[in-house]
Amino acid sequence: MCGVVGVYGLNPVNQVLYDSLILLQHRGQDAAGIMTCDETGRLFLRKSNGLVRDVFHTRHMLRLKGNMGIGHVRYPTAGCSSSAEAQPFYVNSPFGISLGHNGNLINAEQLKQELFEEDRRHINTSSDSEILLNVFAHELQRYCTGKLMPDDVFSAVTNVFRRAKGGYAVVAMVAGRGILAFRDPLGIRPLVYGKRETEAGTEYMVASESVALEGNGFETVRDIEPGEAVFIDKAGQIHTAQCAETTRKSVCIFEYVYFARPDSIVDDVSVYKSRMRMGEKLGDKILREFPDHDIDVVIPIPDTSRTSAAELAQHIGVKYREGFIKNRYIGRTFIMPGQSERKKSVRQKLNPISLEFKDKNVLLVDDSIVRGTTSQQIIQMAREVGAKKVYMASAAPPVRYPNVYGIDMPTAKEFVAYERSEEEIGQAIGADRIFYQDLDDLIDAVRYGNPDLTEFDCSCFNGDYPTGDVDDQYLAFIDSLRNDSAKKRDASVDVEDIEV
């Protein structure tokens, strides 16, 4: 998962891009990058591994000149953490194009071969974002034979949709000519745009989440629709077009469960309210299956599960307490490569408040359970500080299948739910009892906020991949990229940062 932002401004945009990436930092902690463009068409780039605050210092910000630009925060969907994979990427023909991308192309290898053999373009990294950039650049060169017009851009995007399969939300910048954003024909990955009125005129922003717009004083206009492209030209005129031949909305439901910030609105659904409803639904299930429960206290595993846990506690009539203090300077364990690293980081990240556990039957609530490593360690920590019984609840169903559209989940065999019943999962992580959200309840919790959402990408829960072209061969390929051995190998690669 990554975060993208693009800004057309009437003043220098370096600070607003930086601030936006800070607001999107939760979407990627591996690398960050910004590219800007000044009135002469000259491009300025800074990107490197690390958090936003560590990548950009005053000297870098001063060099990022210009009134339009794009930014990106990344975590690797294939395990590689090399600086060479940091975005945005750039090609000089036609015009000079930079691009940042959130998602994953499932036909990346095929496209890479086509680019080399037919389009005569060289790909220098293993990133599918570079592939996507070159596909767009090639198509734009085909359609634009003179002055760049919005229709040329939209024709190029139409052909990108014909060629690129998967889930993707893209921001791009054509040097000296404008900012482009488009979203895959299924709308799997989120993308929203907004505007800000100033004395000099209207400024525009596109971003992965509405929180980036609101935090910078932009008014959200709407989500970019599946298969739609938005182009803001150098004169500040906005152009939109439906570029995909067929579309349907199949939003990734994991955005609501885990990735998006609770203060974001994704496809007209409040993430915060959807998580409240997840807590209500899960509370109903506990009352059905465990009516004579002996739960003394409900404790969330911070941070993502807090909203669901608080609502669950109220629903079942049990006290809600904060039982863990989180060290905010440790990254997400979900993202970290290597099982030993994850195990070590859990103890560094969370510290229990013993008085909330001692001699109590505790229900721990998490947003989801993936490998089970974190859950197992946390349950053990709860027992060590005196909990009598430790129950576990997940606001999401069991994760049994890999996500192939941009979330770096492990391979199927590394899931704690792999070939296990719910009871066996509970035993594996050391819980006295485990409660999982039903998939239908999860869908209802999200769809309640926008009844027009009739379909979701729930592939990590049910194995139903909405693009319809994910087979065992591709899953085996993903397995080879994502297993812990591959991540340890890739983690040893180091490339110097890039600065122009």
Side-chain angles (χ1 to χ4, degrees), residues 1 77-78 102-108 110 128 161 164-169 183-191 225-227 244-260 266-267 269 271 274 277-278 281-282 285 334 367-371 394-422 425 436-479 481-482:
M1 189 64 62
T77 54
N102 169 35
N104 187 57
L105 301 182
I106 60 176
N107 65 335
Q110 174 192 335
D128 59 348
F161 287 149
K165 309 301 180 185
Y168 46 92
R183 191 177 181 190
D184 70 80
L186 295 178
I188 295 173
R189 302 266 67 88
L191 198 61
E225 292 299 315
E245 294 163 347
T246 59
T247 66
R248 72 179 198 272
K249 188 170 281 189
S250 186
V251 184
C252 177
I253 206 163
F254 218 73
E255 290 282 351
Y256 301 95
V257 170
Y258 176 76
F259 269 105
V266 177
D267 284 293
V269 176
V271 175
S274 73
R277 291 188 289 268
M278 291 175 205
K281 297 283 188 182
L282 191 54
K285 182 173 183 178
F334 180 91
D367 52 80
S368 58
I369 301 171
V370 183
R371 291 179 177 88
S394 168
V399 177
R400 301 187 185 277
Y401 304 90
N403 182 287
V404 301
Y405 302 121
I407 299 178
D408 186 26
M409 288 183 172
T411 62
K413 292 180 181 179
E414 293 173 353
F415 293 131
V416 70
Y418 179 71
E419 294 187 345
R420 287 190 175 106
S421 67
E422 292 187 13
I425 297 168
Y436 275 105
Q437 186 87 266
D438 293 332
L439 182 56
D440 287 344
D441 285 343
L442 175 61
I443 291 172
D444 288 344
V446 177
R447 186 162 49 196
Y448 184 89
N450 181 4
D452 291 336
L453 295 177
T454 58
E455 181 183 336
F456 293 90
D457 168 27
C458 303
S459 53
C460 57
F461 304 123
N462 60 12
D464 182 8
Y465 296 96
T467 54
D469 47 10
V470 176
D471 55 20
D472 290 341
Q473 183 178 358
Y474 182 75
L475 292 176
F477 171 69
I478 286 291
D479 185 294
L481 297 177
R482 292 184 177 179

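Keep in mind that what you see is a predicted model, and the values were worked out from it rather than measured.
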Asks: Mind listing the closest non-hydrogen atom pair of Asp128 and Ala108 along with its distance?
Replies: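 So the two residues come closest at CB-CB, 4.0 Å.
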Asks: Do you know which two heavy atoms are closest between Pro226 and Gly187, and how far apart they sit?
Replies: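 Closest approach of Pro226 to Gly187, heavy atoms only: CB-N, 3.5 Å.
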Asks: Are Tyr256 and Leu442 close enough that some pair of their side-chain heavy atoms sits under 4.5 Å apart?
Replies: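 They are not in contact (no side-chain heavy atoms under 4.5 Å apart), so the answer is no.
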Asks: What are the two closest heavy atoms between Glu255 and Pro190, and how far apart are they?
Replies: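 Nearest heavy atoms, Glu255 then Pro190: OE2-CD, 3.2 Å.
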Asks: Hey, is the main chain of Phe456 close enough, under 3.5 Å, to the side chain of Arg447 for a donor-acceptor pair?
Replies: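 Pair absent, no side-chain N/O of Arg447 close to backbone of Phe456.
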Asks: Within a strict 4.5 Å, meaning less than it, do heavy atoms of the Ile425 and Tyr436 side chains meet?
Replies: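 Yes; the side chains approach each other to less than 4.5 Å.
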Asks: Check the angle between the aromatic planes of Phe461 and Phe254 and answer parallel, tilted or perpendicular using the 30° and 60° thresholds.
Replies: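 Phe461 vs Phe254 ring planes: tilted.
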Asks: To the nearest 0.5 Å, how far apart are CG in Leu453 and CG in Asp267?
Replies: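 If I round to the nearest 0.5 Å, the distance is 6.0 Å.
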Asks: Determine whether Leu186 and Lys249 make a side-chain contact, defined as any pair of heavy atoms from C-beta on separated by less than 4.5 Å.
Replies: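 SC-SC contact between Leu186 and Lys249 ruled out.
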Asks: Taking it one step at a time, do Val370 and Phe415 satisfy side-chain contact (heavy atoms from CB on, under 4.5 Å)?
Replies: CA-CA 6 Å; Val370 183; Phe415 293 131; 3.6 Å; yes
Asks: Look up atom CG in Asp469 and atom CD1 in Ile106, then write down how far apart they are to the nearest 0.5 Å.
Replies: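 Asp469 CG to Ile106 CD1: 3.5 Å, rounded to 0.5 Å.
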Asks: Are any side-chain N or O atoms of Asp457 and backbone N or O atoms of Ile188, one a donor and one an acceptor, separated by less than 3.5 Å?
Replies: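 Here the side-chain-to-backbone pair does not exist.
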Asks: Where do Glu455 and Ser250 come nearest, in terms of heavy atoms and distance?
Replies: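 The pair with the smallest heavy-atom distance is OE2-OG, 3.2 Å.
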Asks: Identify the two heavy atoms, one from Val269 and one from Arg277, that lie closest to each other, and give their separation to 0.1 Å.
Replies: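 Scanning both residues completely, I find the closest heavy atoms to be CG1-NH2, 4.1 Å.
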Asks: If we only count heavy atoms from C-beta on, is the Leu475 to Tyr465 side-chain gap below 4.5 Å?
Replies: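 Contact flag for Leu475/Tyr465 side chains = yes.
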Asks: When you measure from the side chain of Arg371 to the backbone of Met409, do you find a donor-acceptor pair of N or O atoms at a distance under 3.5 Å?
Replies: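 No, the answer is negative, given that no donor and acceptor are paired below the 3.5 Å cut-off.
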Asks: Is there a side-chain contact between Met1 and Asp408, using heavy atoms and a 4.5 Å cut-off?
Replies: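 Not in contact.
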Asks: To the nearest 0.5 Å, what is the distance between CG (Asn403) and SG (Cys252)?
Replies: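 Reported value, rounded in 0.5 Å steps: 5.5 Å.
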Asks: So with a 6.0 Å cut-off around CG of Asp471, is the heavy-atom count from everything else above 12?
Replies: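 Yes, CG of Asp471 has more than 12 neighbouring heavy atoms, counting only those of other groups under 6.0 Å.
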Asks: Evaluate the side-chain proximity of Leu439 to Ile443: yes if any heavy-atom separation is below 4.5 Å, no if none is.
Replies: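 Yes. Closest side-chain heavy atoms under 4.5 Å.
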Asks: Under 3.5 Å, side chain of Gln437 to main-chain N/O of Ala395, donor-acceptor pair present?
Replies: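 Checking the backbone N and O of Ala395 against the side chain of Gln437, a donor-acceptor pair under 3.5 Å is found.
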Asks: For the NZ atom of Lys165 and the CG atom of Asp184, what is their distance to the nearest 0.5 Å?
Replies: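 Taking NZ in Lys165 and CG in Asp184, the distance rounds to 11.0 Å.
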Asks: Can you find a heavy atom in the side chain of Pro466 that is under 4.5 Å from one in the side chain of Arg248?
Replies: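 A side-chain contact exists here, since the closest heavy-atom pair is under 4.5 Å.
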Asks: Nearest heavy-atom pair of Tyr418 and Ala412: which atoms, and what distance?
Replies: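 Heavy atoms only, the tightest pair is CB-O, 3.2 Å.
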Asks: Run the salt bridge (charged side-chain N to carboxylate O under 4.0 Å, His left out) test on Lys285 and Asp438 for me, step by step, so that the C-alpha distance in whole Å, both residues' side-chain angles and the decisive distance to 0.1 Å come before the verdict.
Replies: CA-CA 8 Å; Lys285 182 173 183 178; Asp438 293 332; 2.9 Å; yes
Asks: Applying side-chain contact (heavy atoms from CB on, under 4.5 Å), run through Val446 and Met278 and close with a yes or a no.
Replies: CA-CA 8 Å; Val446 177; Met278 291 175 205; 4.1 Å; yes
Asks: Tell me whether Arg189 contacts the main-chain N or O of Asn104 through its side chain, where contact means a donor paired with an acceptor under 3.5 Å.
Replies: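 Side chain of Arg189 to backbone of Asn104, a donor-acceptor pair under 3.5 Å: no, none is there.
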Asks: Report the distance from atom OG of Ser459 to atom CD1 of Ile407, rounding to the nearest 0.5 Å.
Replies: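 It comes to 8.0 Å.
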Asks: Going through the distances and angles, do Tyr405 and Val470 end up as a side-chain contact (heavy atoms from CB on, under 4.5 Å)?
Replies: CA-CA 10 Å; Tyr405 302 121; Val470 176; 3.9 Å; yes
Asks: If you round to the nearest 0.5 Å, how far is CD of Glu225 from CZ of Arg183?
Replies: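 Between atom CZ of Arg183 and atom CD of Glu225 there are 7.0 Å.
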Asks: Looking at Glu419 and Lys413, does any basic side-chain N land under 4.0 Å from a carboxylate oxygen?
Replies: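 Lys413 and Glu419: not salt-bridged.
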